Amino acid sequence: MGYYITAFTTALSAFLGLCFSIHAVIRGKNQEKTNALYMFARSVAIVGISILPFIYQSERLLLIATGAMLIIQMIDGIAGIYIKNRMRTIGPFTMAFIHSACLLIFF
């Protein structure tokens with residue numbers, strides 16, 4: 001059960017990141033749009049990685065995907081602090097906490 005909770009949480013987090021990057025691409029202008037396209041490319045990759053544990057039922061793949069999302073969310077939270085945006089701080093740190101809890105439950 002812990003495997004699927006962790007896998008679902010990881011995939012959900014990755015898909016939310018993809019949605020944010022799509023939104024940034026649509027709304028971005030000039031350099032912002034260029035940066036958003038790079039963010040979009042990375043988001044697509046992490047979504048692909050987050051789906052692999054469902055296909056292969058691999059604990060190692062799940063650990064890698066969840067660990068990657070934990071790192072991404074922590075860095076996003078730090079970026080939120082840097083830009084002084086409460087939602088872009090609280091949201092990522094909350095997801096990082098959830099990823100940490102899932103890893104603890106899983107292992």
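Every value quoted in this text rests on a predicted model; they were computed, and no experiment measured them.
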Quick check on the hydrophobic clustering: are [X] and [Y] connected, directly or via other members, by side-chain heavy-atom contacts under 4.5 Å?
{"X": "Phe93", "Y": "Ile72", "answer": "no"}
{"X": "Ile83", "Y": "Met95", "answer": "no"}
{"X": "Leu70", "Y": "Ile64", "answer": "no"}
{"X": "Met74", "Y": "Met69", "answer": "no"}
{"X": "Ile46", "Y": "Leu103", "answer": "no"}

Original post:
What pairs with Phe54 under ring-ring contact (aromatic ring centres under 6.0 Å, His included), at least two apart in sequence or on another chain?
Top reply: none
If you measure from [atom1] on [X] to [atom2] on [Y], what distance do you get to the nearest 0.5 Å?
{"X": "Ile105", "Y": "Ser100", "atom1": "CD1", "atom2": "OG", "result": "11.0 Å"}
{"X": "Asn30", "Y": "Asn35", "atom1": "CG", "atom2": "CG", "result": "11.0 Å"}
{"X": "Ile98", "Y": "Thr6", "atom1": "CD1", "atom2": "OG1", "result": "11.5 Å"}
{"X": "Leu52", "Y": "Ile49", "atom1": "CG", "atom2": "CD1", "result": "7.0 Å"}

Each residue besides [X] in its hydrophobic cluster should be listed here, by chain and number; the cluster joins Ile, Leu, Val, Met, Phe, Trp and Tyr at side-chain heavy-atom distances under 4.5 Å.
{"X": "Phe20", "answer": "none"}
{"X": "Ile75", "answer": "Ile71"}
{"X": "Tyr38", "answer": "none"}

Original post:
Which pairs pass side chain to side chain donor-acceptor pair (under 3.5 Å) with one or both residues in residues 82-98, sequence neighbours excluded?
Top reply: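 Qualifying pairs, neighbours excluded: none.
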Subject >> Where at least one partner belongs to residues 54-78, residue pairs that pass side chain to side chain donor-acceptor pair (under 3.5 Å), sequence neighbours excluded >> reply: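 Qualifying pairs: Tyr4-Gln57, Thr10-Thr66, Ser13-Gln73.
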Original post:
Which atom names give the shortest non-hydrogen contact between Ala11 and Ser50, and what distance separates them?
Top reply: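 So the minimum-distance heavy-atom pair works out to CA-OG, 3.6 Å.
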Applying side chain to side chain contact (heavy atoms under 4.5 Å, CB included), can you list everything that pairs with [X], at least two apart in sequence or on another chain?
{"X": "Phe97", "value": "none"}
{"X": "Ser43", "value": "Leu18, Ser21, Met39"}
{"X": "Leu12", "value": "Phe8, Leu16"}
{"X": "Ile5", "value": "Met1, Thr9, Cys102"}

Subject >> Main-chain N/O of Pro53 paired with Tyr3 side-chain donor or acceptor, under 3.5 Å >> reply: yes
